[in-house]
Q: 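One structure coming up, written as structure tokens, with questions to follow.
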Amino acid sequence: MTRKRHWLMKSEPEDFSIDDLERVGTEPWTGVRNYQARNFMRQMQVGDGVLFYHSNTDVPGIYGLAEVACTAYPDPTQFDRKSKYFDEKATREQPRWELVDVSFVRKLSHGIALDEIRLHAERLGEEFALIRKGTRLSVLPVTAAQWKILLSLEKK
DNA sequence: GCCAACGTTGGC
DNA sequence: GCCAACGTTGGC
């Protein structure tokens, strides 16, 4: 059993929010079409912690906690012609895109806004992809130290 | 809705 | 292998 790791996963709340995850319980994280993000999902283990981040919204930030519910498997939407995530270069023999299922843990008592996260940039470290300039990764690793700092902001 | 930053594609 | 064109992300 490897040690539990931590991640941050972005979703547009109009598309799929923490409330939606609470309603359904567990959800396949479909639609990631970025190789770096896919590679991070391949590294995920059951029980890894996930910060649920709302992007492209009034106040972008972390709004809930989730956990990885299974290891990576091929994203079915890549094979579905009707899906906006269809990828004609993917085959069932050689899938391009993988995903994990994510389970609801809890909502934060109040969200941690991106603005507030930025205030702690120094402690979080320059390499933290969430606040690094120009980085748009939708799935990214969070260290144990960063996880602790971020969750401490919930209490403020 | 704008646009900066970045990734991908495809012509050469 | 270069790089222009294009598409996407995501904050503002």
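The basis for the numbers below is simple: all heavy atoms, side chains too, and nothing from hydrogens, waters or symmetry mates. A quick note: this is a predicted structure, and the numbers were derived from the prediction, not measured. Chain letters run A, B, ... following the sequence lines, proteins first, then strands; residues in each count from 1.
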Q: Between C1' on C/dT9 and CZ on A/Arg136, what's the gap in Å once rounded to a whole number?
A: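 Atom-to-atom, A/Arg136 to C/dT9, this comes out as 5 Å.
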Q: Expressed in angstrom and rounded to an integer, what is the separation of A/Asp58 atom CG from C/dG11 atom C1'?
A: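 Checked: the CG to C1' distance equals 12 Å.
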Q: Mind calculating the distance between CG (A/Leu140) and P (B/dG7) to the nearest angstrom?
A: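 For the pair A/Leu140 CG and B/dG7 P, the rounded distance is 14 Å.
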Q: Between B/dT9, C/dG7, B/dT8, which nucleotide gets closest to the side-chain atoms of A/Tyr35?
A: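 Comparing B/dT9, C/dG7, B/dT8 against the side chain of A/Tyr35, the answer is B/dT8.
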Q: A/Pro60 has a side chain; which of C/dG11, B/dT9, C/dT8 sits nearest to it?
A: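 Nucleotide nearest to A/Pro60's side chain: C/dG11.
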Q: Quickly work out the A/Lys133 NZ to C/dC12 C1' distance and round it to whole Å.
A: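 Value for this atom pair: 14 Å.
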Q: Round to the nearest Å and state the distance from A/Gln36 atom CD to B/dG7 atom C1'.
A: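 Those two atoms, CD and C1', are 10 Å apart.
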Q: Report the relative orientation of the aromatic rings in A/Trp29 and A/Phe52; use parallel for angles under 30°, tilted for 30 to 60°, perpendicular for over 60°.
A: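 A/Trp29 and A/Phe52: perpendicular rings.
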Q: Has A/Lys10 got a side-chain N or O lying under 4.0 Å from the OP1 or OP2 atom of C/dT9?
A: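 No, A/Lys10 has no side-chain N/O under 4.0 Å of OP1/OP2 on C/dT9.
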Q: Between A/Arg96 and A/Gly134, name the one whose nearest nucleotide on DNA chain B is closer to the 5' end.
A: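 Result: A/Gly134.
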Q: Please determine whether a side-chain nitrogen of the Lys or Arg among A/Arg96 and A/Asp75 lies less than 4.0 Å from a carboxylate oxygen of the Asp or Glu.
A: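 Answer for the salt bridge query: no.
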Q: Starting from P on B/dT8, measure out to CD on A/Glu88 and report it in whole angstrom.
A: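 The answer, rounded to whole Å, is 16 Å.
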Q: Got a donor-acceptor contact below 3.5 angstrom from the A/Arg42 side chain to the A/Leu99 backbone?
A: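 Not at all, since once roles are kept as given, no pair shorter than 3.5 Å links the two residues.
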Q: Can you tell me how far P of B/dT8 sits from CG of A/Asn34, to the nearest Å?
A: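 Atom-to-atom, A/Asn34 to B/dT8, this comes out as 6 Å.
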Q: Looking only at atom types and distance, does a side-chain atom of A/Gln146 sit under 3.5 Å from a main-chain N or O of A/Leu124, one as donor and one as acceptor?
A: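 Side chain of A/Gln146 to backbone of A/Leu124, a donor-acceptor pair under 3.5 Å: yes, one is there.
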Q: Check whether any side-chain N or O of A/Tyr53 sits under 4.0 Å from OP1 or OP2 of C/dG11, and answer yes or no.
A: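 Yes.
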Q: Side chain of A/Ser55, backbone of A/Lys10: donor and acceptor closer than 3.5 Å?
A: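 Checked: no pair found.
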Q: Can a side chain N or O of A/Arg132 be found less than 4.0 Å away from OP1 or OP2 on B/dC6?
A: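 Checking A/Arg132 against B/dC6: no side-chain N or O falls below 4.0 Å of OP1 or OP2.
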Q: Using whole Å, what does the distance between atom C1' of nucleotide C/dG10 and atom CD of A/Glu14 come to?
A: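 In whole Å, C/dG10 C1' lies 13 Å from A/Glu14 CD.
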